[in-house]
Engineer: 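The structure follows.
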2 protein chains.
Amino acid sequence: MQIDTFQTLADPSRRRIVEALCNGERQVGDIVERAGIHQSGVSRHLRILHETGFVSVRPEGQRRFYSLRPEPFRELDDWLAKYRGLWEARLDRFGAALEKQRKHRRPAHKDQRK
Amino acid sequence: MQIDTFQTLADPSRRRIVEALCNGERQVGDIVERAGIHQSGVSRHLRILHETGFVSVRPEGQRRFYSLRPEPFRELDDWLAKYRGLWEARLDRFGAALEKQRKHRRPAHKDQRK
DNA sequence: GACTAATATGCATATACATGCATATATATA
DNA sequence: TATATATATGCATGTATATGCATATTAGTC
């Protein structure tokens, strides 16, 4: 279920943990330094992230290496697809793909009219 | 700030409201039917969605028509871009755009290995 | 076995927040 | 003005959950 994907990402500490993992697997102690909360909290968040499919674990002796799994992100992407029309409506699909490609190549669309 | 975009979407009632708006503007009473909660709750959720930039309002007499704004969805898309590598790593960027195009044309990728 | 290091968990607490009810506000209509 | 309709808000309540502390657990080292 994609149901609680948003719920999981709603917590800022959890997002920081996810971000800490975006460049590959890390052990818990490593994550604690970046999470800004107590080790016990990180451990609990990692449990939640594991239960919701965001991370997988690779035990190695006393350490546990956590890494991101693609599924929930893909789910998020699928959910979002429903709303892509909101900002790509005027483009046909091929054009939209090209537009997206341009955007990803140069991330120069930070400041949009708010 | 994209900070509380996830927080906003974490609530299922709010997601139902967003979904109810995905085909264009609706007045509150219309939304209430689909939200599964009391009108007062819908009203409050709409306030939150407005504060976080998800919706805009168009008053018309005693009614208020709400509709989706693209910005938060775009923010979500930008956030997600950081993690696209998780499931598109093996493709170069042009290939990724094509792949994405294929996926959007035929949404036939529901059942993936879990 | 004693000791240390890495990670997880029970407990207590504080806080956030979603909800319904009753009511307020605003607009239309008679 | 009186009344009805549409939407918003104050209040009270229940529930979820993030956090730290202390401790348990597991594994490595002497």
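Computed from heavy atoms alone, side chains included, the values below leave out hydrogens, waters and symmetry copies.
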Engineer: Is the distance between the ring centroids of B:Tyr83 and B:Trp87 less than 6.0 Å?
Structural biologist: no
Engineer: Output the rounded distance in Å from CZ (A:Arg63) to P (C:dT7).
Structural biologist: 7 Å
Engineer: I want to check something: taking the side chain as every heavy atom from C-beta on, are B:Phe6 and B:Leu76 in contact at a cut-off of under 4.5 Å?
Structural biologist: yes
Engineer: Please report the distance, rounded to the nearest Å, between CZ in A:Arg58 and C1' in C:dA6.
Structural biologist: 15 Å
Engineer: Return the nearest nucleotide to the side chain of B:Ser13; candidates are D:dT7, D:dT9, C:dT19.
Structural biologist: C:dT19
Engineer: Report the nucleotide, chosen from C:dT9, C:dT19, D:dT9, that has the shortest atom-to-atom distance to any side-chain atom of B:Asp11.
Structural biologist: C:dT19
Engineer: Give the nucleotide from the list C:dA6, C:dT19, D:dT9 with an atom nearest to the side chain of B:His45.
Structural biologist: C:dT19
Engineer: To the nearest Å, how far apart are A:Asp30 CG and C:dA5 C1'?
Structural biologist: 15 Å
Engineer: In whole angstrom, what separates B:Ile37's CD1 from C:dG20's P?
Structural biologist: 6 Å
Engineer: Please classify the nucleic acid contact of A:Phe65 as base, sugar-phosphate, or nothing, using heavy-atom distances under 4.0 Å.
Structural biologist: nothing
Engineer: Distance check needed: D:dA27 P versus A:Gln27 CD, whole Å only.
Structural biologist: 16 Å
Engineer: Could you go through nucleotides 24-30 of chain C and list every protein N or O atom that sits under 3.5 Å from one of its N or O atoms, giving the distance for each pair?
Structural biologist:
{"unit_1": "C:dT27", "atom_1": "O2", "unit_2": "B:Gln62", "atom_2": "NE2", "d": "3.3"}

Engineer: Picking from C:dA18, D:dG20, C:dC21, which would you name as closest to the side chain of B:His38?
Structural biologist: C:dC21
Engineer: Nearest-Å distance, CD1 (A:Ile48) to P (D:dA16)?
Structural biologist: 14 Å
Engineer: Is there a side-chain polar atom (N or O) of A:Tyr66 under 4.0 Å from OP1 or OP2 of C:dA8?
Structural biologist: yes
Engineer: Nearest 0.5 Å please: distance from the CG atom of B:Leu80 over to the CG atom of B:Leu86.
Structural biologist: 9.0 Å
Engineer: Charged N to carboxylate O below 4.0 Å: is that the case for A:Glu19 and A:Arg15?
Structural biologist: no
Engineer: Taking atom C1' of D:dT9 as reference, at what distance in whole Å does atom NE2 of B:His50 sit?
Structural biologist: 17 Å
Engineer: Does B:Asp11 use its side chain to pair, donor to acceptor, with the backbone of B:Arg14 at less than 3.5 Å?
Structural biologist: yes
Engineer: Side chains of A:Thr8 and A:Glu51: does their closest heavy-atom pair fall under 4.5 Å?
Structural biologist: no
Engineer: Using atom CZ of B:Phe6 as one end and atom C1' of C:dC17 as the other, report the distance to the nearest whole Å.
Structural biologist: 20 Å
Engineer: Between B:Arg44 and B:Gly29, name the one whose nearest nucleotide on DNA chain D is closer to the 5' end.
Structural biologist: B:Gly29
Engineer: Between A:Arg14 and D:dA18, does any side-chain N or O lie under 4.0 Å from OP1 or OP2?
Structural biologist: yes
Engineer: For A:Gly53 and A:Arg69, which heavy atoms make the closest approach, and how far apart are they?
Structural biologist: O-NH1, 3.0 Å
Engineer: What is the nucleic acid contact for B:Gln39, judged by heavy atoms within less than 4.0 Å: base, sugar-phosphate only, or nothing?
Structural biologist: base
Engineer: Just to be sure I understand the rule, does A:Ile31 reach a base, reach only the sugar-phosphate, or reach nothing, if contact means heavy atoms closer than 4.0 Å?
Structural biologist: nothing
Engineer: What is the ring orientation for A:Trp79 with B:Phe73, classed by angle as parallel under 30°, tilted 30 to 60°, or perpendicular over 60°?
Structural biologist: parallel
Engineer: Now, which nucleotide makes the Watson-Crick or G-U wobble pair with D:dG28, with each of the two distances under 3.5 Å?
Structural biologist: C:dC3
